[in-house]
S.K.: 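Just dropping this structure here.
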Amino acid sequence: MLLQQEPQLRELRIFDLHLGPWLEELKTGPVQVTAIQGDVTQAHEVAAAVAGAHVVIHTAGLVDVFGKTSPETIHEVNVQGTRNVIEACVQTGTRFLVYTSSMEVVGPNIKGQPFYRGNENTPYEAVHRHPYPCSKALAEQLVLEANGRKVLGGLPLVTCALRPTGIYGEGHQIMRDFYHQGLRLGGRLFRAIPASVEHGRVYVGNVAWMHVLVARELEHRAALMGGQVYFCYDNSPYKSYEDFNMEFLGPCGLRLVGTRPLLPYWLLVFLAALNVLLQWLLRPLLLYAPLLNPYTLAMANTTFTVSTDKARRHFGYEPPFSWEESRTRTIRWVQAMEGSAQ
Ligand SMILES: NC(=O)C1=CN([C@@H]2O[C@H](COP(=O)(O)OP(=O)(O)OC[C@H]3O[C@@H](n4cnc5c(N)ncnc54)[C@H](O)[C@@H]3O)[C@@H](O)[C@H]2O)C=CC1
Ligand SMILES: C[C@@H](CO)CCC[C@@H](C)[C@H]1CC[C@H]2[C@@H]3[C@H](O)CC4=CC(=O)CC[C@]4(C)[C@H]3CC[C@]12C
């Protein structure tokens, strides 16, 4: 999107632990695209990649709420990695830093308190125990506190944090997991979450555009945007996590069984806890990381939706992809997967 939408772009550096062949397709245009294989936990690698950059969009992160990696690793990547990016900007003189934070910095909290149509100023007790939200909250705090620090050359660093709600769209691994789970169950998924529990979702293309826009506007609106947080939002409907997924999985042949949860909540809690035990027992042999665990069950069962226009007011954000376009693009992606699954 930067290559398509940013006329000022002279070089795009992509720094990632895992570089994919798709990067080669980006190198066909007039803008220099530099792919750098590196680890954000390694300060020297980050500094080398950042040196000379005008703006850094820091979106690298370990998105693990399934127990696939240790809390220490999550912290190392999400917190220390962010610290390394900030220090690289300061040491090399990069003045503008955009950070991909998360709704999880706010909630749902460990008390299961709903956040209903909230915005960036809505009072809410952001209390976390899980390593992932804790790491995102710490990283965001580092980014916002770094706003105003002097970088090499003596000018101030300008930082901003974007908080996507549940991202969906092409490449969404969790959607892929739900789809394959449904295929294994004969084209059916079984409702576990009440339809009344709404979860905010945002299309990946709109999240990407908000990052591009902030990267462009941060210099000209530093006084207004510096040190600010913005929820990433669009016109995707408010639905339960499962019902929202069915917007894409339904047209691809899956059916959600039940108009209300088929199992009592206490049994879901028991099954989630059993999954944790199984994960622990099986760890020496294999990685067992199902979708259902105590954290994901609690998340899915707690309403969290945002309603805000702060990004529009501060830097003119309007989602380029409508709900219909976002839905169509995601369905096409699942169908392409379906083709590969058959
Ligand atoms: N998926 C979601 O619903 C949401 C994601 N986010 C945030 O968006 C950002 C991107 O996440 P996703 O696209 O969902 O996940 P993703 O796993 O597709 O992207 C994360 C990227 O970071 C890279 N990475 C991981 N560890 C690294 C390391 N040590 N050094 C360098 N690169 C590393 C991965 O290779 C990957 O390309 C993350 O910061 C995440 O916290 C925020 C809100 C919602
Ligand atoms: C109990 C299951 C029965 O179907 C349903 C399990 C759904 C969960 C896997 C998801 C429910 C809410 C999701 C999280 C939410 O969208 C916020 C997130 C923000 C991020 O920064 C990363 C992803 C996530 C934690 C997301 C992960 C999957 C859920 C827990």
Side-chain angles (χ1 to χ4, degrees), residues 14-20 22-23 36-42 45-46 49 57-66 68-69 73-74 76-82 84-85 98-108 115 128 130-133 135-137 139-140 143 161-178 181-182 189-194 197-204 207-208 211 231-232 240-246 249 256 258 261-263 265 268-269 271-272 275 289-305:
I14 298 166
F15 178 92
D16 200 301
L17 199 58
H18 307 298
L19 297 178
W22 59 276
L23 284 168
I36 306 168
Q37 195 280 331
D39 187 338
V40 76
T41 66
Q42 301 305 305
E45 293 181 12
V46 178
I57 298 175
H58 171 36
T59 200
L62 209 45
V63 182
D64 179 20
V65 292
F66 304 105
K68 295 179 178 176
T69 53
T73 304
I74 292 171
E76 187 65 13
V77 174
N78 293 352
V79 181
Q80 186 56 45
T82 299
N84 290 343
V85 171
V98 184
Y99 175 58
T100 311
S101 180
S102 169
M103 61 174 263
E104 292 258 304
V105 166
V106 176
F115 187 84
H128 307 292
H130 192 280
Y132 176 74
S135 72
K136 296 301 288 186
E140 180 188 281
V143 169
L162 302 183
R163 292 171 175 171
T165 54
I167 299 176
Y168 71 94
E170 300 89 323
H172 188 204
Q173 181 57 45
I174 296 170
M175 187 74 68
R176 187 182 277 124
D177 295 342
F178 271 106
Q181 185 180 72
L189 289 168
F190 300 95
R191 186 184 295 276
I193 310 298
V197 178
E198 297 179 342
H199 241 262
R201 305 293 287 274
V202 61
Y203 178 61
V204 63
V207 176
H211 282 72
F231 277 117
C232 297
S240 78
Y241 199 84
E242 293 172 327
D243 288 306
F244 194 90
N245 287 351
M246 290 312 293
L249 302 179
L256 182 61
L262 298 177
L263 298 175
Y265 188 69
L268 287 167
V269 170
L271 292 173
N275 278 341
L291 287 166
L292 177 65
N293 65 49
Y295 184 75
T296 63
L297 180 62
M299 285 300 102
N301 261 290
T302 309
T303 286
F304 194 101
T305 52

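Every number for a ligand or one of its atoms is a count from 1 in the order of the listing.
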S.K.: Among Val63, Asp16, Thr41, which one puts a heavy atom closest to atom 12 (P) of ligand 1?
M.R.: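 It is Val63 whose heavy atom sits nearest to atom 12 (P) of ligand 1.
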
S.K.: Less than 4.0 Å from atom 16 (P) of ligand 1, is there any heavy atom belonging to the protein?
M.R.: no

S.K.: Please confirm whether Phe304 comes under 4.0 Å of ligand 2, counting heavy atoms of the residue only.
M.R.: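 It does not; every heavy atom stays at 4.0 Å or beyond.
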
S.K.: Find all atoms of ligand 2 within a distance of less than 4.0 Å from any non-hydrogen atom belonging to Leu292, and give their numbers and elements.
M.R.: 1 (C)

S.K.: So between Met299, His199, Arg163, whose heavy atom ends up nearest atom 15 (C) of ligand 2?
M.R.: His199

S.K.: If hydrogens are left out, which of Ser101, Gly61, Gly166 has an atom nearest to atom 6 (N) of ligand 1, that is, the closest non-hydrogen atom?
M.R.: Ser101

S.K.: Report, in ascending order of atom number, the atoms of ligand 1 lying under 4.0 Å from any heavy atom of Thr59.
M.R.: 9 (C), 10 (C), 38 (C), 39 (O)

S.K.: Please determine if Ser102 has a nitrogen or oxygen closer than 3.5 Å to a nitrogen or oxygen of ligand 1.
M.R.: no

S.K.: Contact between Phe190 and ligand 2, counting heavy atoms under 4.0 Å?
M.R.: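 The answer is no, since Phe190 has no heavy atom less than 4.0 Å from ligand 2.
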
S.K.: Which ligand 2 atoms does Tyr132 reach within 4.0 Å, using its non-hydrogen atoms?
M.R.: 20 (C), 21 (O), 22 (C)

S.K.: Looking only at heavy atoms, is any part of Tyr168 under 4.0 Å from ligand 1, and if so is it the side chain, the backbone, or both, or is it neither?
M.R.: neither

S.K.: Does Tyr241, backbone or side chain, put an N or O under 3.5 Å from an N or O of ligand 2?
M.R.: no

S.K.: Is there side-chain contact between Tyr265 and Leu297, with at least one heavy-atom pair below 4.5 Å?
M.R.: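 The answer is yes; the side chains approach within 4.5 Å.
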
S.K.: Would you mind running through ligand 2 and noting each atom that sits below 4.0 Å from a heavy atom of Ile174?
M.R.: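 Ligand 2 atoms under the 4.0 Å threshold to Ile174: 27 (C), 28 (C).
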
S.K.: Hey, does Leu62 sit under 4.0 Å from ligand 1 if you only count heavy atoms?
M.R.: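 For ligand 1, residue contact (heavy atoms, under 4.0 Å) with Leu62 is absent.
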
S.K.: With heavy atoms only and a cut-off of under 4.0 Å, state how Lys136 meets ligand 1: side chain, backbone, both or neither.
M.R.: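 Near ligand 1, Lys136 shows its side chain, while the N, CA, C and O stay back.
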
S.K.: Run the contact test for Gly38 against ligand 1 with a 4.0 Å cut-off on heavy atoms, strictly below, and give the result.
M.R.: yes

S.K.: Could you check whether atom 19 (O) of ligand 1 has a protein contact, counting only heavy atoms that fall below 4.0 angstrom?
M.R.: no

